[in-house]
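See below for the structure under consideration.
Residue numbers begin at 1 in each chain, while the letters A, B, ... track the order of the sequences. Keep in mind it's a predicted model, so treat the numbers as computed, not measured.
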Protein chains: 2
Amino acid sequence: MASLGELERAVMDLLWAGQEAATANTLRDRLAQTSAGQDGAAGHEGKELAVTTVLTVLSRLEKKGLVERERGTRPHRYQAVSSREDHTAELMHEVLGSAPDREAVLARFIGSVSEGEAETLRKLLGHL
Amino acid sequence: MASLGELERAVMDLLWAGQEAATANTLRDRLAQTSAGQDGAAGHEGKELAVTTVLTVLSRLEKKGLVERERGTRPHRYQAVSSREDHTAELMHEVLGSAPDREAVLARFIGSVSEGEAETLRKLLGHL
DNA sequence: AGTTGAGTTCTACAAAACGTAGAAGATCTG
DNA sequence: CAGATCTTCTACGTTTTGTAGAACTCAACT
C-alpha cells in the first residue's frame with residue numbers, strides 16, 4: 001500500500017506545500033486553481049470538485065497513515081504526518097528494502113546521481 | 001505505472017532469480033511450489049495456476065517494459081529486461097525524481113542506512 | 001496433406017483501488 | 001430552535017490486477 005492515485009497525490013502536494021494544516025474546503029479551492037501554468041506538460045485543469053470528494057480522499061490518506069487530522073476544531077484541519085522529504089526518503093527505503101542485494105542496488109543508484117548530489121552525499125557520509 | 005500486483009511481483013521474482021529465459025509453463029510450475037517455507041509471514045500457498053493466467057501476466061509485464069520475450073522459439077521464452085538491482089535502482093530514482101528538493105531527501109535517506117552500507121557508499125563516491 | 005497437440009492470443013469476468021459525489025446525520029451560530 | 005456548515009455513510013463508474021475459458025496457430029506425425 002505504497003502508491004497513490006492522481007488525486008491523492010495532488011492533495012498530498014498541497015498539504016506538503018502549505019506549512020499550516022488546511023481544511024477540506026481550502027484544499028478544494030486550491031485544487032481548483034491548479035496552475036493553468038505556462039508550459040505544456042499536461043497540467044490538469046482547474047476542475048471544481050465536490051467537498052465530499054476531497055474529504056473521502058483525505059480519509060483514505062489518513063487510513064494510509066499519510067495524513068492526520070485535528071478532530072477537535074470544527075472544520076477539521078488536515079496536515080501531512082511527515083514532510084515530503086521524509087516521506088520520499090521512507091519510500092526509497094521501502095523500495096530498497098525489498099531487494100536481497102542492497103549494496104548492489106546502491107551501487108547502481110549512485111552511478112546515476114548528478115555530480116552536485118554526489119558531492120552532497122560525500123559530505124553527509126563524511127562526518128561519521 | 002510503476003507498481004506491480006502480487007502475482008506480477010512473484011513472476012518477476014522468478015525471472016530475476018533464474019538467469020535463463022523461462023517459458024510460461026516453467027514459471028507456472030515454479031509458482032506452484034512457492035516455498036511452503038518454515039517461518040510464518042504469510043507466504044502464498046503453492047496454488048496451481050492456469051497457464052493462460054501466467055501468460056496474461058507476462059503480457060502485461062511486457063507492456064510495462066519489464067519483460068521481453070523471444071518470439072522466434074515456439075514456446076516463447078521470457079526474461080526480465082533488466083536485473084532486479086537495476087530495476088530497483090531505477091525505481092529509487094523514480095521516487096526521488098518526483099521530489100522538488102532532491103538533496104534534502106538524500107540527506108534523510110542517508111540518515112538511515114546501516115554503517116556497512118554507508119561505508120560502501122563512501123567507496124563508490126570516493127574515486128572521482 | 002490432414003490430424004493432433006502444445007502454445008498463444010482474444011475475450012471476459014471478479015475483486016480491489018481510486019475518483020467522484022449525493023443523502024443523511026452531527027454541530028455550530030445566531 | 002432554524003439555518004448554515006461540516007462530516008460520515010453509502011454508492012457507483014473506471015482502472016488495475018487476478019484468473020481463466022475459447023478460439024486460433026503452428027509444427028510434427030502419420
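Legend: residues meeting salt bridge (charged side-chain N to carboxylate O under 4.0 Å, His left out) with Glu85(A), ordered by chain and number and at least two apart, are absent. Residues meeting the salt bridge (charged side-chain N to carboxylate O under 4.0 Å, His left out) test with Arg69(B), sequence neighbours left out: Glu62(B). For Glu70(B), the salt bridge (charged side-chain N to carboxylate O under 4.0 Å, His left out) test picks out no residue, with sequence neighbours left out. The salt bridge (charged side-chain N to carboxylate O under 4.0 Å, His left out) search around Arg108(B) returns Asp86(A), not counting sequence neighbours.
With salt bridges taken as basic N to acidic carboxylate O contacts below 4.0 Å, one links Glu119(B) and Arg122(B). Ion pair Glu8(B)/Arg60(B) not flagged as a salt bridge, since none of the NZ, NE, NH1 or NH2 atoms sits closer than 4.0 Å to an Asp/Glu carboxylate oxygen.
Side-chain atoms of Thr120(B) and Val113(B), non-hydrogen and from C-beta on, never get closer than 4.5 Å to each other. Two residues are said to be in side-chain contact when any heavy atoms from C-beta on lie closer than 4.5 Å; Glu94(B) and Val95(A) fail this criterion. Side-chain contact check for Val57(A) versus Leu27(A): every heavy-atom pair is 4.5 Å or farther apart.
Residue Arg9(B) places none of its side-chain N or O atoms closer than 4.0 Å to OP1 or OP2 of dG18(D). Contact between the side-chain N/O atoms of Asn25(B) and the OP1/OP2 oxygens of dG7(C) is found at a separation under 4.0 Å. Put simply, Lys64(A) has a side-chain N or O that comes within less than 4.0 Å of OP1 or OP2 on dC18(C).
Within the 4.0 angstrom heavy-atom criterion, only backbone atoms of the sugar-phosphate kind lie near Arg69(B); the bases stay farther away.
Between the P atom of dC6(D) and the CG atom of Leu55(A) lies a distance of 10 Å, rounded to the nearest Å. Taking atom CG on Leu66(B) and atom P on dT17(D), their separation rounds to 11 Å, with Å as the unit. Rounded to whole Å, the distance from CD on Glu8(A) to C1' on dA16(C) is 13 Å. If you measure from atom NE2 of His76(A) to atom P of dT7(D), you get 5 Å, rounded to the nearest angstrom. In this entry the distance linking CG of Leu27(A) with P of dT20(C) reads 15 Å, nearest Å. If you take CZ of Arg60(A) and P of dC18(C), they are 8 Å apart, rounded to a whole angstrom.
One axis for each end of the helix from dA1(C)-dT30(D) to dG30(C)-dC1(D), each built from five base pairs, and the angle between them comes to 0° at 10° resolution.
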*asked:* Counting primed atoms plus P, OP1 and OP2 as sugar-phosphate and everything else as base, spell out the protein contacts along nucleotides 20-30 of chain D at 4.0 Å heavy-atom distance: B, S or - for each nucleotide, 5' to 3'.
replied: BBB--BS----
